[in-house]
Amino acid sequence: MSNWFEEQLELKDGRMIKIQYKELLDSVQSQFQKIDVYDTVSFGKMLVHDDVIMVTEFDEANYHEMIVHVALNVHAHPRQVLVIGGGDGGTLREVLKHKQVQTAHLCEIDGQVIEICKKHFPSLSCSFNDPRVAVFLEDGAEFVRKRENFYDVIIVDSSDPIGPAEVLFQEQFYKNMSNALTHDGIVITQSESFHYHRHIIKNIVASNKKIFPRYFYYYTMVPTYPSGVIGFSFCSKKYHPIEDFNPGKADALTGLKYYNKEIHKAAFVLPQGFTEFLEKN
Ligand code: SPD
C-alpha cells in the first residue's frame, strides 16, 4: 500500500506537493495547531504543522544555515541573538555555532513543537541544553513589544502567514523588532518564495523599507517547500550584507551542508523580474 502526504495549502492556485511516506510516527493536536511527524520514503523524517511541511531531514540545512549565517557573518559582534519561532531547534543549532554569541533566546508560542522535535529530531533539537540558551514559551509579537535596545540579531523562523504566525508578518511587529534591536541590529525574517508569493512579499518589503534604513532580499533552495525556493528579508540598521560581510567567519564554520562564502554573496543575486518588483515596492 502506498501512503502519500499532500500539502494542499495552494490548491486554490492549482498546486499541491505530494510526498510518499512509510509511516505516520506521531500526531498531536496542540492548543495552536496539529503537529505530525512522518517517516518519508525520500526525505527522512518530516515535521508538518496543520498539513504544511515545516522541515524534512533531507533539506533542513539549506534553510537553517541560510537563515542564520548570513546575518551572523555580517554583524560585527552578534552577542545577543533572539530566535522567534523555530521550535524544532534547527535555527538555534546554527546560531550556537558562532562563538561570539553569548545569549541565544528562543521565543516559541507552541511548547509542544519543541517537545515533539526533541523526541523525533535529535539532530535539530540538539542545542536546547546549551548554557547560552533561554527558551520563552510566548507569543513572539508580545515578546518583542516588551524589549528595547537589547538584541544584535533577531531571526524570525516562522511558518506561513496563516494561523499562529500571521501576526509575524505585520508592520507593527517589524516596528517592535526594530525597537528591540541595538543601534546596529539586523532582523532576518522568513519571506516566502519569489516564484509564488509576491502578493505576500509586497507587504513585507513595503513595511520593512519604511522601518529599516537598509532592506535586502535573499534566498535559498528547499526542494520540499512550494516552488523549491524560499527567501529571507535582511533588514538592517547599519550593515550591508555584502560590503560588511566577513568571509573569514564563513570559512571558520565547519561541517555545513549548504552555506559557504560564495553562496552568501550569490544568494542576493535575484532574477531580473523580481529585482524590478523589489525596486517598485
Ligand atoms: N511553507 C513553509 C515555510 C516554513 C518555514 N519555517 C520552517 C521552520 C523551520 N525551522
Side-chain angles (χ1 to χ4, degrees), residues 5-13 15-19 30 32-38 43-69 81-96 104 106-118 120-128 135 140 154-169 188-201 204 218-233 257-259:
F5 165 81
E6 295 182 351
E7 181 177 300
Q8 300 193 349
L9 182 65
E10 305 193 328
L11 204 60
K12 64 174 185 348
D13 298 311
R15 304 189 288 254
M16 186 169 81
I17 298 173
K18 271 183 86 152
I19 292 183
S30 79
F32 301 98
Q33 57 210 337
K34 178 161 73 93
I35 309 167
D36 295 318
V37 178
Y38 293 89
F43 303 125
K45 287 187 201 164
M46 176 169 79
L47 175 70
V48 174
H49 294 179
D50 284 339
D51 298 316
V52 177
I53 298 166
M54 290 294 118
V55 154
T56 78
E57 288 178 321
F58 171 71
D59 52 15
E60 59 87 8
N62 304 18
Y63 178 88
H64 292 124
E65 292 179 11
M66 290 298 283
I67 201 172
V68 170
H69 300 310
V81 177
L82 169 64
V83 177
I84 295 179
D88 54 74
T91 295
L92 198 59
R93 178 194 68 200
E94 297 305 316
V95 166
L96 294 166
L106 181 125
C107 180
E108 164 63 60
I109 197 168
D110 192 345
Q112 286 199 253
V113 174
I114 299 179
E115 292 317 311
I116 209 163
C117 289
K118 282 184 177 170
H120 293 287
F121 295 91
S123 64
L124 289 164
S125 58
C126 50
S127 298
F128 282 105
V135 174
I154 301 178
I155 299 171
V156 186
D157 180 8
S158 71
S159 46
D160 302 306
I162 36 166
E166 201 174 344
V167 67
L168 305 181
F169 289 78
I188 304 291
T189 70
Q190 186 276 96
S191 296
E192 303 291 346
S193 162
F194 55 66
H195 290 304
Y196 288 177
H197 307 127
R198 292 191 191 189
H199 56 293
I200 300 172
I201 298 172
I204 297 174
Y218 69 100
Y219 74 98
T220 185
M221 287 181 269
V222 181
T224 58
Y225 286 166
S227 87
V229 161
I230 194 160
F232 305 103
S233 291
K257 294 183 180 149
Y258 188 92
Y259 177 86

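Any value given below was found using the heavy atoms of this structure, including those in side chains, with hydrogens, waters and symmetry copies removed. Counting starts at 1 for both ligands and their atoms, following the listed order.
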- Item | Side chain proximity check, Ser233 to Val156, heavy atoms < 4.5 angstrom | no
- Angle class for the Tyr225/Tyr63 ring planes (parallel below 30°, perpendicular above 60°, tilted otherwise)? perpendicular
- Taking side chain as C-beta onward, heavy atoms only, is Ser158 less than 4.5 Å from Phe169? yes
- Check the pair Asp59, Thr224 against side chain to side chain donor-acceptor pair (under 3.5 Å), reporting the backbone distance first and the verdict last. CA-CA 7 Å; Asp59 52 15; Thr224 58; 2.8 Å; yes
Using a 3.5 Å cut-off on N/O to N/O, what pairs does ligand 1 make with the protein? A line per pair would be great.
{"residue": "ligand 1", "atom": "1 (N)", "partner": "Asp160", "partner atom": "OD1", "Å": "3.1"}
{"residue": "ligand 1", "atom": "1 (N)", "partner": "Asp160", "partner atom": "OD2", "Å": "3.0"}
{"residue": "ligand 1", "atom": "6 (N)", "partner": "Tyr63", "partner atom": "OH", "Å": "3.1"}
{"residue": "ligand 1", "atom": "6 (N)", "partner": "Ser158", "partner atom": "O", "Å": "2.9"}
{"residue": "ligand 1", "atom": "10 (N)", "partner": "His64", "partner atom": "NE2", "Å": "2.7"}
{"residue": "ligand 1", "atom": "10 (N)", "partner": "Asp88", "partner atom": "OD1", "Å": "3.3"}
{"residue": "ligand 1", "atom": "10 (N)", "partner": "Asp88", "partner atom": "OD2", "Å": "2.6"}
{"residue": "ligand 1", "atom": "10 (N)", "partner": "Asp157", "partner atom": "OD1", "Å": "3.3"}
{"residue": "ligand 1", "atom": "10 (N)", "partner": "Asp157", "partner atom": "OD2", "Å": "2.7"}

- Message: By the definition salt bridge (charged side-chain N to carboxylate O under 4.0 Å, His left out), identify the one residue from Asp51, Asp50, Asp110 that meets it with Lys34.
- Response: Asp51
- Is there a side-chain contact between Phe32 and His49 (heavy atoms, below 4.5 Å)? no
